[in-house]
Amino acid sequence: MSAFRSPFLTEFAARGHFHQCTNQDGLDALLSKERVAGYIGFDCTAPSLHIGNLTQIMRLRLLQKGGQKPIVVVGGGTTKIGDPSGKDESRQLLTDAQIEANKVRHMEIYRRFLKFGDGPTDAIMVDNAEWLDKLQYVPFLRDIGRHFTINRMVAMDSVKLRLEREQPLTFLEFNYMIFQAYDFAELYRRYGCRLQMGGSDQWGNIVSGIDLARRTDNVELFGLTSPLITTSSGAKMGKSVSGAVWLSADMLSPYDYWQYWRNVEDADVGRFLRIFTDLPLDEIARLEALKGAEMNDAKKVLANEATALCHGRAEAERAAETSRQTFEGGGLSADLPTVEIPKDEIVNGLGVLGAFTRAGLTSSNGDARRQIAGGGLRVNDEAVTDEKLLLRAEYLREGVIKLSLGKKKHVLLKPV
RNA sequence: GGGGGAGUGUCCCGAGUGGCAAAGGGGGCGGAUUGUAAAUCCGCUGGCUUACGCCUUCGUAGGUUCGAGUCCUACCUCCCCCA
């Protein structure tokens, strides 16, 4: 990878985002010469975005920091098709209402990471349903479809892999790349957008758009992809205590979000600091070089910075403090997740099994029983050995009972 | 339209002579060890139950049988070959 002249590409590469570029020198020259609008598309398949999407958002953020103009394309239209890239099975089709609801929630998230407005480097957000919904089949086939050969489409990884693995690919999904290609060309016409970024799995779709625009508008557009971010142990990143690592506080609390970053593997700390925070590279290099237990300090910085970007500095500090009290103070933090129960139940004595299940720590009484057998449950930090234990008022500490599953999952039971 | 094959524990893959709560993986969770890390080792991984035990599960619906994941019939879905 040669040195870049443009600040954006330099930073982009230095932070580990660079995978492939359709015309590296051409793009670098263009970025150095004029302000470039670049986009990334996001489909609205889930009610929140997760950290997989965050890697993309951070790339747009870098684009903005580099003095260029980011465009967020929300896939109100393409979500109706479903991207087959990298998947073995079709995603279940969402209703228009679900897509719309998801879209509104996503837009709120983009605003936290990017500055929107009318200024030259302010981000803008557009919905590809604006043009895709209006397309008419026959005119579209004649104008756009004639630029695509089945031969090439079938050779695309997104299609080829599905066929090779003998998994069905519907005609609907087969069309996805055409729509994404059309998006790029349309964004060029509407906003002069010259650049599309995306994960490495988007290469084929991006190149299709570049080809299309060259044929229809005789212009060179650019594609820039990033490596798929995995954990050092090879897993696709993004699993937290409660499933995916969501960016919406109502789907994953700032505390759990903070904990996710606090718990990344040692080997990932430097890489993640570069991708998911704005810290200067020399500072990251210093943190990354920490040895042994000191690595925990680097992880705290990662957690603080990443959480502050997503949920605000105040929430990050709160999560850090809750974590400090819980893990380092050995004490009780009132900020842990709390489940309320009727006061009577404590007065009468509440069975431990039910209590853990109510708190959401175990999935059933049987599960709770098994966890007790395995030594995994604690009440007020003391291991539960008797599954018939009744929780009564004398277990209250500062008005709550602390239930724990393993070392990391804690819930406060609060009588009301 | 004709012929052949397949759907198994609600995370996934996958074995399964009529006696099966159903082999084995992966993943996940817990324990030990650690640094809230990795690696390693151990345990758990359908529901209810103090317990004997009871209930629910193998694409769907029926049937044969003391007894069905396993045999029969119909239907659904998917894959392959022929037209």
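Reminder, nothing fancy here: chain letters follow the sequence lines and each chain counts from 1.
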Nearest whole angstrom, please: distance from the P of B/rG35 to the CH2 of A/Trp261.
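Roughly 25 Å, once rounded to whole Å.
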Can you tell me the distance, in whole Å, between the CG atom of A/Leu405 and the C1' atom of B/rG31?
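Those two atoms, CG and C1', are 12 Å apart.
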Taking atom [atom1] in both [N] and [M], compute the distance separating them and give it to the nearest angstrom.
{"N": "B/rG43", "M": "B/rU49", "atom1": "C1'", "answer": "22 Å"}
{"N": "B/rA68", "M": "B/rU17", "atom1": "C1'", "answer": "14 Å"}
{"N": "B/rU8", "M": "B/rC58", "atom1": "C1'", "answer": "4 Å"}
{"N": "B/rU34", "M": "B/rG28", "atom1": "P", "answer": "23 Å"}
{"N": "B/rA37", "M": "B/rG31", "atom1": "P", "answer": "11 Å"}
{"N": "B/rU77", "M": "B/rC11", "atom1": "P", "answer": "25 Å"}
{"N": "B/rG18", "M": "B/rC79", "atom1": "C1'", "answer": "29 Å"}
{"N": "B/rG4", "M": "B/rC72", "atom1": "P", "answer": "14 Å"}

Out of B/rU49, B/rG47, B/rG35, which has the shortest distance to the side chain of A/Arg369?
B/rU49
Using both distances under 3.5 Å as the test, list the Watson-Crick or G-U wobble partner of [N], or none.
{"N": "B/rA74", "answer": "B/rU60"}
{"N": "B/rU36", "answer": "none"}
{"N": "B/rA21", "answer": "none"}
{"N": "B/rC44", "answer": "B/rG28"}
{"N": "B/rC52", "answer": "none"}

Is any N or O donor-acceptor pair between the side chain of A/Asp266 and the base of B/rG35 shorter than 3.5 Å?
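Yes, the side chain and the base share a sub-3.5 Å donor-acceptor pair.
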Mark yes or no for a side-chain to base donor-acceptor pair under 3.5 Å between A/Lys300 and B/rU36, with no hydrogen or angle criteria applied.
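Absent.
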Once you apply a heavy-atom cut-off of 4.0 Å, does [X] come out as touching a base, just sugar-phosphate, or nothing?
{"X": "A/Val264", "answer": "sugar-phosphate"}
{"X": "A/Leu377", "answer": "nothing"}
{"X": "A/Arg370", "answer": "sugar-phosphate"}
{"X": "A/Gln259", "answer": "base"}

Between the side chains of [Y] and [X], is the shortest nitrogen-to-carboxylate-oxygen separation below 4.0 Å, so that they form an ion pair?
{"X": "A/Arg286", "Y": "A/Glu283", "value": "yes"}
{"X": "A/Glu387", "Y": "A/Arg369", "value": "yes"}
{"X": "A/Glu328", "Y": "A/Lys300", "value": "yes"}
{"X": "A/Arg105", "Y": "A/Asp250", "value": "yes"}

Taking the ring centre of each residue, are A/Tyr39 and A/Tyr191 less than 6.0 Å apart?
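No; A/Tyr191 has its ring centre 6.0 Å or more from that of A/Tyr39.
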Taking the ring centre of each residue, are A/Phe276 and A/Trp261 less than 6.0 Å apart?
yes
[X] vs [N]: side-chain N/O to OP1/OP2 distance below 4.0 Å:
{"X": "A/Lys409", "N": "B/rG30", "value": "yes"}
{"X": "A/Asn365", "N": "B/rU49", "value": "yes"}
{"X": "A/Ser364", "N": "B/rC48", "value": "yes"}
{"X": "A/Lys408", "N": "B/rA37", "value": "yes"}

On RNA chain B, check which nucleotide each of A/Gly406 and A/Asp367 is closest to and give me the residue with the more 5' one.
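Closer to the 5' end of RNA chain B: A/Gly406.
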Return the 5'-most residue of the pair A/Gly366, A/Gly374 with respect to RNA chain B, ranking by each residue's nearest nucleotide.
A/Gly374
Using a distance-only test with no angle check, is there a side-chain donor-acceptor pair under 3.5 angstrom linking A/His147 and A/Arg215?
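Note: A/His147 and A/Arg215 side chains miss the donor-acceptor criterion.
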Which way is the base of B/rC66 turned, syn or anti, if we draw the line at 90° from 0?
anti
